[in-house]
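For reference, the structure discussed in these notes is given below.
Just so we're clear, the structure is a prediction, and the values are computed from it rather than from any experiment.
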Amino acid sequence: MTRDNARSPGPDELRLEAARKRQELGETIDQLMAKTDVKRRAAHLVHDKTPEPVREHSRPLLAAVAAVVVAGVVLYSLRRSGKWG
């Protein structure tokens, strides 16, 4: 006959182990939630792929692009109406 020489964990040890397992489970859930957050991951991907000069000067660049788009729409409207060109 063999005897089990390993002692049983006490209540305090069981509480500590349960707390560790809860912490690990919480971290795992956080990691899974981060993987499923498509919007945040896409934003990070766009940020990482955007060249540094564009990130540094995004407002002036955006304003310039908006001005070109507005000018294009105005010119297109004028040409279509026959008032210009």
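The side-chain hydrogen bond (donor to acceptor under 3.5 Å, both in side chains) check on D48 picks up nothing, with sequence neighbours excluded. The side chain to side chain contact (heavy atoms under 4.5 Å, CB included) test applied to K49 returns L45, not counting sequence neighbours.
Note on V70 and V65: separate hydrophobic clusters, where clusters join Ile, Leu, Val, Met, Phe, Trp and Tyr whose side-chain heavy atoms are under 4.5 Å apart, directly or indirectly.
Counting non-hydrogen atoms of neighbouring residues, nucleotides and ligands closer than 6.0 angstrom, the CZ atom of R20 exceeds 12 such neighbours.
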Checklist entry - Given E13 and R7, is the salt bridge (Lys or Arg N to Asp or Glu O under 4.0 Å) satisfied, shown in steps? => result CA-CA 12 Å; E13 291 171 332; R7 66 177 183 86; 2.9 Å; yes

Checklist entry - So L16 and D12, side-chain contact (heavy atoms from CB on, under 4.5 Å) or not? Walk me through it. => result CA-CA 6 Å; L16 285 174; D12 291 335; 5.6 Å; no

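With 3.5 Å as the limit, one finds a donor-acceptor pair spanning the side chains of E27 and Q23.
Pairs passing the salt bridge (charged side-chain N to carboxylate O under 4.0 Å, His left out) check and including a residue from residues 32-43, sequence neighbours excluded, read D37-R40.
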